[in-house]
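Everything below concerns the one structure shown next.
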Amino acid sequence: MNYSIERLIYYRRVLQQALELGREYIFSHDIAERAGATSEQVRRDLMPVGVKGHRRNGYDIKDLLEKLDDYLGAGQRICMVLVGVGNLG
């Protein structure tokens, strides 16, 4: 598995928890601390997502979650067929 995608999924979880706690902004070092990464790794992982943090406030959590969802394809419906899994019912 692509480990940066795995980390992005975990960052998303961290962001949702911060939002539930009433936070509007978060710094990369806060995400890193909760995700067991470095702030540099968090910033590198977030570059392709297309969002930049600000020195004063950090990342806007709602904006970052929205862009992460778009990048990860969250909420997209995927049709598939399972073959050879036996009786599921």
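Starting from 1, each residue takes its place in the sequence as its number. Being a predicted model, the structure only gives us computed values, none of them experimental.
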Tightest non-hydrogen contact, residues S28 and S39, listed as OG-CB, 3.5 Å

In this structure, CZ of R12 is separated from NZ of K67 (nearest 0.5 Å) by 15.5 Å

task = Considering only NZ, NE, NH1 and NH2 on the basic side and carboxylate oxygens on the acidic side, decide whether R44 and E40 come within less than 4.0 Å.
result = yes

Closest non-hydrogen atoms of N57 and Y25, given as atom of the first, atom of the second and distance, are O-CB, 3.1 Å

Separation between CG (D69) and CG (L64), nearest 0.5 Å, reads 9.5 Å

Looking only at heavy atoms, the pair that brings Y11 and L46 closest together is CD1-CD2, 4.3 Å

Is it true that, when you exclude Q16 itself, more than 12 heavy atoms of the residues, nucleotides or ligands shown sit nearer than 6.0 Å to its CD?
yes

Residues K62 and L19: closest non-hydrogen pair is CG-CD1, 4.0 Å

Item to check | Min side-chain heavy-atom separation E24-I61 under 4.5 Å | outcome: no

**Prompt:** Can you tell if the side chain of Y59 reaches within under 4.5 Å of the side chain of R43, non-hydrogen atoms only?
**Reply:** yes

When rounded to the nearest 0.5 Å, the distance separating OH of Y71 from CD1 of I5 is 4.5 Å

Heavy atoms of D45 and S4 approach each other most closely as OD1-CB, 3.7 Å

Distance col, row I31:CD1 vs L15:CG, nearest 0.5 angstrom, shows 4.5 Å

Subject >> Under 3.5 Å donor-acceptor, R13 side chain and I9 backbone >> reply: no

